[in-house]
There are 2 protein chains.
Amino acid sequence: MSGKRSPARRPTMKDIARHAGVSQSAVSFALNGRPGVSEDTRDRVRRVAEELGWRPSTAARALSGEGAATVGFVLARPADTLGVDSFFLQLVSGIQEVLAERHLGLLFQVVEDIADECAVYRRWWAEHRVDGVLVVDPRTDDPRPDLLDELGLPAVVIGGAPDDRHPGLSTVWADDAGAMASVVDGLYALGHRRIVHIAGLPGLAHTERRIRTLRAEAGRRGLSEVQSVTTDYSDAEGAAVTRRVLEGPTPPTALIYDNDVMAVAGAATAAELGFSVPADVSVVSWEDSALCRIVKPWLSALSRDSVEFGRTAARELTALLDGGSARAVRVPVPRLIERGSTGVARDA
Amino acid sequence: MSGKRSPARRPTMKDIARHAGVSQSAVSFALNGRPGVSEDTRDRVRRVAEELGWRPSTAARALSGEGAATVGFVLARPADTLGVDSFFLQLVSGIQEVLAERHLGLLFQVVEDIADECAVYRRWWAEHRVDGVLVVDPRTDDPRPDLLDELGLPAVVIGGAPDDRHPGLSTVWADDAGAMASVVDGLYALGHRRIVHIAGLPGLAHTERRIRTLRAEAGRRGLSEVQSVTTDYSDAEGAAVTRRVLEGPTPPTALIYDNDVMAVAGAATAAELGFSVPADVSVVSWEDSALCRIVKPWLSALSRDSVEFGRTAARELTALLDGGSARAVRVPVPRLIERGSTGVARDA
DNA sequence: TTTAGTGACTAATACGCATTAGGATCACCG
DNA sequence: CGGTGATCCTAATGCGTATTAGTCACTAAA
């Protein structure tokens, strides 16, 4: 017994060297699979390391040029908008799964806006904290790709469209356009002609993509009473917009919500206003979760595998870190799960 | 222009020293507010550092004994249980706010179970990755405090009861017992005598605390038809338990759910079974969120400020890191927000 | 028997920062 | 004019790891 309660010193390579009776560099060679030590010694060193519970200090590793063994993830959302969003936790959970295999850490930060997010990237880069980052919520006019390019920080953009101007960035994206087209197809077939799309935050790349596709699809079919309305994704705005459009002179017969929270709030509002779902108005949620099966009728929803989405993104990032070249990966088109909230248009 | 696209080298103290025409140690003194340099030099060095966009490398700092400037947060939940949980994101958001001020990073990891969580702590400790950790979901028989003690890793337990046996750990806790007592008080006053508590995961400290308190309160009032049922927090189990108890011979007149998701699912199930809320059965959610205002009637809920909870926990941890001594902090008792889902018991 | 070559290891250095121990310059005092 | 501090710096280490440049003994080739 040395001291009273010595707080367990961390073993270093020097300790291993002493115990194994070799030099410190021999230990390094042995543990990293480098040539220069006999198999005997290698085994012995490995055993001693195991015994002592040695793990390489990431700090020291990072310092000697091996990178920080950490990737960064910034969520730029005002604190009160974070509420009930199943997407991010699932995404992160998928990301973790892949990173954990490689013993990569995930440095996580929540900030208020994109400017702060950029500042965080700069800081992380300068502080040598991360080897790469995962970028979410790409915007139509986004300063982040340029910044990351400038810093030379490997990155994967989650949910963006493929981007030729930044050959250093990988992209993992879902085909929102295709999904929107198929939803409109379905609704059109059911006789719907007046459709309102309660979209998410304006400026987000996928919001704009969905809006653009909807407009194109409507134009193609000569539908004039089709529109998108942007929101902040909150239940409050979802409900408010729903109320406004349903109380208008020619209420829509179908509503497409960009997330589950708004869809549920909207469906409830519709019911309150005396609109029966789906008899009077059909509801589609662009996000599937337990929420969609909590209300009655259950909501038809576009289901994507967010966990797998996260895994894919993380895999792309590790590929980049391994020196692979950037690429754009498309994940499967979300498929529409038909539940009770969609039906034939009343006036069809 | 030096190279073609030199990926922006990180400036170091040596660079600053060169630009400012002083030694590297003078730079260190200047930037860290140590004596040994004139105010003139100090200013000049500061300016140069600013100009070059210098930031200390955390790796180097950590290596020279300053700690990793990072705290860890592990969430031990199976991936599919992570669904719609507003609590954690809010908690993390509050934690971040405090950590960001001090430029502390948050290393985040999702694992399957407590054993994995312990392994992560060991690894983080051995790898020198974190200076302290935040522990959530304390259990009645929890191996983590002992482990953290052994490792000498500063930690704050979030949601645990004060714990005398681990003088190294701080605790931030809410008075579940008091809250439960007040909820039962309220329901009793409304005439409720048959109450079912749809609790969360068995083994969690706060779950057990609530169950124990409910039993005590029931005993005190001589109520025999009061019980708790543990679940996995999912909407599915919430609904299933609700169905089971309401279909029993003497259905309860009040239901207390340990989270918002189960409360909403339960309320929907009750309605499906022909029970009107609150005429036939009252519903209380032990977590307030947008969800509670999505269903009709709005759910009465215990509201706690999760973001502030996170802030408090982070503040305690930074205090520990600054060498402060451990303590137990109680956050305000959650207060019951009466909405439409609670009323006078039918058979009162 | 010398020479080149190889296998197994040690010594030395770099990484970026903090820190401790010195060294030079100047002012003040006896 | 030598000594004593004080002030402002520089030089030299150490942190834990990876890596590069040796060193040494032994074997195979000449």
Side-chain angles (χ1 to χ4, degrees), chain A residues 8-46 48-49 52-70 103 123-131, chain B residues 8-46 48-49 52-70 103 123-131:
Chain A
R9 213 177 58 81
R10 265 169 274 255
T12 75
M13 287 191 140
K14 207 181 283 179
D15 298 318
I16 301 179
R18 190 151 22 80
H19 276 78
V22 292
S23 77
Q24 180 270 119
S25 357
V27 175
S28 177
F29 293 150
L31 295 174
N32 294 325
R34 290 279 138 90
V37 285
S38 65
E39 277 312 305
D40 267 13
T41 312
R42 195 183 294 278
D43 278 358
R44 188 156 38 92
V45 168
R46 280 216 184 101
V48 174
L52 263 50
W54 177 86
R55 299 244 71 209
S57 148
T58 41
R61 266 226 156 101
L63 198 55
S64 50
E66 294 298 283
T70 306
H103 289 254
R123 198 151 55 71
W124 279 352
W125 172 79
E127 290 178 352
H128 230 119
R129 259 181 181 285
V130 299
D131 301 328
Chain B
R9 211 177 59 80
R10 265 169 274 253
T12 76
M13 288 191 139
K14 207 181 281 179
D15 298 319
I16 301 179
R18 191 150 25 77
H19 276 77
V22 292
S23 77
Q24 184 264 36
S25 358
V27 173
S28 178
F29 292 150
L31 295 175
N32 294 324
R34 289 281 139 91
V37 285
S38 65
E39 276 312 303
D40 266 14
T41 311
R42 195 182 295 275
D43 278 359
R44 188 155 40 93
V45 167
R46 281 214 184 104
V48 174
L52 264 50
W54 177 85
R55 297 245 71 208
S57 148
T58 41
R61 267 229 156 96
L63 200 52
S64 48
E66 296 296 284
T70 306
H103 289 253
R123 200 152 53 72
W124 279 352
W125 172 80
E127 290 178 351
H128 229 120
R129 256 180 184 287
V130 298
D131 301 327

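Chain naming here is simple, since letters A, B, ... match the order of the sequence lines and numbering starts at 1 in each.
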Just to confirm, is there a sub-4.0 Å distance from OP1 or OP2 of D:dG16 to any side-chain nitrogen or oxygen of A:Trp54?
no
Presence of A:Asn32 side-chain N/O under 4.0 Å of D:dT17 phosphate oxygens OP1/OP2
no
Mind checking B:Thr12 for me? I need base, sugar-phosphate or nothing, with any heavy atom below 4.0 Å counting as a touch.
sugar-phosphate
Under 3.5 Å donor-acceptor, B:Ser64 side chain and B:Ala60 backbone
yes
For A:Phe29 and B:Ser38, take the nucleotide of DNA chain D holding the closest heavy atom to each; which residue's nucleotide lies nearer the 5' end?
B:Ser38
With sugar-phosphate meaning primed atoms plus P, OP1 and OP2, does B:Ser25 contact a base, only sugar-phosphate, or nothing at under 4.0 Å between heavy atoms?
base
Within less than 4.0 Å of OP1 or OP2 of D:dT17, is there a side-chain N or O belonging to A:Ser64?
no
On the nucleotide C:dT19, are OP1 or OP2 found under 4.0 Å from the side-chain N or O atoms that B:Arg34 carries?
yes
For C:dA8, does either OP1 or OP2 sit under 4.0 Å from a side-chain N or O belonging to A:Thr41?
no
Check every strand shown and say whether B:Arg55 touches a base, only sugar-phosphate, or nothing at a heavy-atom separation below 4.0 Å.
sugar-phosphate
B:Arg61 side-chain N/O to C:dG16 phosphate OP1/OP2 under 4.0 Å
no
To the nearest Å, how far apart are A:Arg9 CZ and D:dC15 P?
10 Å
State, without any angle test, whether B:Thr41 and B:Ser38 hold a side-chain donor-acceptor pair at a distance under 3.5 Å.
yes
For a quick check of understanding: with a heavy-atom distance under 4.0 Å over all strands, which category does B:Ser28 fall into, base, sugar-phosphate or nothing?
base
What nucleotide among D:dT10, C:dC9, C:dG16 has an atom nearest to a side-chain atom of B:Ala26?
D:dT10
Compare the minimum distances between each of D:dG16, C:dC17, D:dA18 and the side chain of A:Met13, then state the nucleotide with the smallest one.
D:dA18
A:Asp43 has an atom CG; how far is it from atom P of C:dC9, in whole Å?
12 Å
note: A:Asp40, atom CG; C:dG7, atom P; distance rounded to Å ~ 16 Å
Could you check whether A:Gly65 gets within reach of a base, just the sugar-phosphate, or nothing at all, counting any heavy atom under 4.0 Å?
nothing
Closest approach to the side chain of B:Gln24, judged atom by atom: which nucleotide of D:dT10, C:dT10, C:dA18 is it?
C:dA18
Rounded to the nearest 0.5 Å, what separates atom CZ in A:Arg10 from atom CZ in A:Arg55?
13.5 Å
